[in-house]
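Right, one structure below, let's go through it.
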Amino acid sequence: MQVPPAFDLSHAVRTIKDYPKPGILFRDITTLLGDARAFRRAIDELVQPWAGAKIDKVAGIEARGFIVGGAVAHQLSAGFVPIRKKGKLPHQTVRMAYALEYGEDEMEMHVDAVAPGERVVLVDDLIATGGTAEGAVKLLRNIGAKVEAACFIIDLPDLGGAEKLRAMDVPVRTLLSFPGH
Ligand code: AMP
């Protein structure tokens, strides 16, 4: 009997050249999200290391991290915490500056979204330079969260973000790697 070829998630990601500006290869996960089999496979693979672990909360980074993180939280029977761009959350927030390619911005979460000592997994669709995820880890740690891991569907290893998080003692799980940026 022939063994079916391994399902390759990379085919479910669409690459858009020169978006949002020249020189960038934008890794578009809307095609993966729209493919039932690929979406399920991606979520199953992301949660696999924590199946049975007592994760209290999944924190997702706006906006694609909400979609992936919500599904991950459901699968882990954990709560979901949105990390948002500043000015969007209605209750009292904590805020953290983070590095962008040019300049910086600020992200926020509700001050009571995670209780001290709770075990949190951070989720986004993609890690590039790691500036966004680094800001999110600092924000979570500032309110006493225990950041157990960070997971992303896509890694751009040439930009060093995953290594940056590992250097902060955050285990990193990624499913696909693409060269360049
Ligand atoms: P960074 O802070 O450099 O790790 O950038 C990560 C954030 O920017 C994530 O929220 C990604 O969704 C987005 N991002 C950065 N580079 C790309 C890319 N080449 N394709 C798609 N999204 C990207």
Side-chain angles (χ1 to χ4, degrees), residues 8-35 38-39 41-43 45-47 57-73 80-89 93-109 113 120-142 145 147-181:
D8 185 353
L9 269 183
S10 64
H11 296 313
V13 176
R14 175 165 57 192
T15 298
I16 314 275
K17 208 165 162 277
D18 297 327
Y19 181 88
K21 51 188 175 202
I24 303 287
L25 291 172
F26 190 85
R27 306 298 179 176
D28 173 22
I29 63 153
T30 64
T31 41
L32 182 150
L33 298 173
D35 176 337
F39 189 21
R41 173 65 70 98
I43 300 303
E45 288 190 17
L46 279 180
V47 302
K57 301 272 165 65
V58 171
I61 301 174
E62 187 169 359
R64 280 159 281 164
F66 291 176
I67 304 164
V68 180
V72 167
F80 178 78
V81 174
I83 297 182
R84 299 211 61 178
K85 298 181 176 127
K86 67 173 178 232
K88 304 274 188 183
L89 288 167
T93 60
V94 283
R95 202 177 265 200
M96 178 64 62
Y98 66 103
L100 292 173
E101 198 175 347
Y102 302 105
E104 59 172 44
D105 206 346
E106 287 178 306
M107 62 177 79
E108 285 184 338
M109 62 188 287
V120 177
V121 170
L122 178 68
V123 176
D124 202 357
D125 65 326
L126 178 148
I127 183 157
T129 66
T132 313
E134 180 187 25
V137 169
K138 287 183 183 165
L139 194 56
L140 287 162
R141 284 180 171 168
N142 274 1
V147 182
E148 292 292 325
C151 59
F152 308 86
I153 296 176
I154 299 168
D155 183 20
L156 305 183
D158 296 343
L159 300 185
E163 279 318 304
K164 191 183 279 178
L165 289 193
R166 290 186 181 110
M168 297 171 76
D169 284 327
V170 178
V172 178
R173 175 159 177 86
T174 61
L175 304 182
L176 297 172
S177 287
F178 292 107
H181 60 94

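Whatever order the structure lists ligands and atoms in, that order sets their numbers, starting from 1.
- Of the possible polar contacts, one joining the Asp18 side chain to the Gly23 backbone as a donor-acceptor pair under 3.5 Å is found.
- Counting heavy atoms closer than 4.0 Å to ligand 1, residue Leu156 contributes side-chain atoms (C-beta onward) but none from N, CA, C or O.
- Ligand 1 places these atoms under 4.0 Å from at least one heavy atom of Arg64: 12 (O), 21 (C), 22 (N).
- Scanning the protein for heavy atoms near atom 3 (O) of ligand 1, the closest one is Thr129 OG1, 2.5 Å.
- At a 3.5 angstrom cut-off on N or O pairs, Ile127 does not count as close to ligand 1.
- Atom 12 (O) of ligand 1 has its closest protein heavy atom at Asp125 OD1, 2.8 Å.
- Note that atom 22 (N) of ligand 1 has protein non-hydrogen atoms nearby, at separations under 4.0 angstrom.
- Heavy atoms of Gly130 approach ligand 1 to within less than 4.0 angstrom.
- Protein heavy atom closest to atom 10 (O) of ligand 1, with residue, atom name and distance, is Asp124 OD2, 2.8 Å.
- In terms of heavy-atom proximity, Tyr19 sits nearest to Ile24 at O-CG2, 3.2 Å.
- Inter-residue side-chain proximity for Leu126 and Phe152 is flagged as unmet; no heavy-atom pair is nearer than 4.5 Å.
- At least one donor-acceptor pair closer than 3.5 Å links the side chain of Lys164 to the backbone N or O of Thr129.
- In this structure, Gly60 and Phe80 approach most closely via the heavy-atom pair N-CE1, 3.6 Å.
- Judged purely by atom type and a 3.5 angstrom limit, Arg173 uses its side chain to pair as donor or acceptor with the backbone of Glu45.
- In terms of polar-atom proximity, defined here as any N/O pair under 3.5 Å, Ala133 makes no such contact with ligand 1.
- With hydrogens and angles ignored, the 3.5 Å screen pairs a side-chain donor or acceptor of Glu62 with a backbone N or O of Lys85.
- Nearest to atom 16 (N) of ligand 1 by heavy atom, out of Ile24, Thr15, Leu126, is Leu126.
- Nearest protein heavy-atom contact of atom 19 (N) of ligand 1 is Leu25 O, 3.0 Å.
- Salt-bridge check for Glu108 with Arg95: passed, with a basic side-chain N closer than 4.0 Å to an acidic carboxylate O.
- Residue Thr132 places at least one N or O, backbone or side chain, under 3.5 Å from an N or O of ligand 1.
- In terms of modelled atom types and a separation under 3.5 Å, the side chain of Arg166 and the main chain of Val172 share a donor-acceptor contact.
- Distance from atom 20 (N) of ligand 1 to its nearest protein heavy atom, with residue and atom name: Arg27 N, 2.9 Å.
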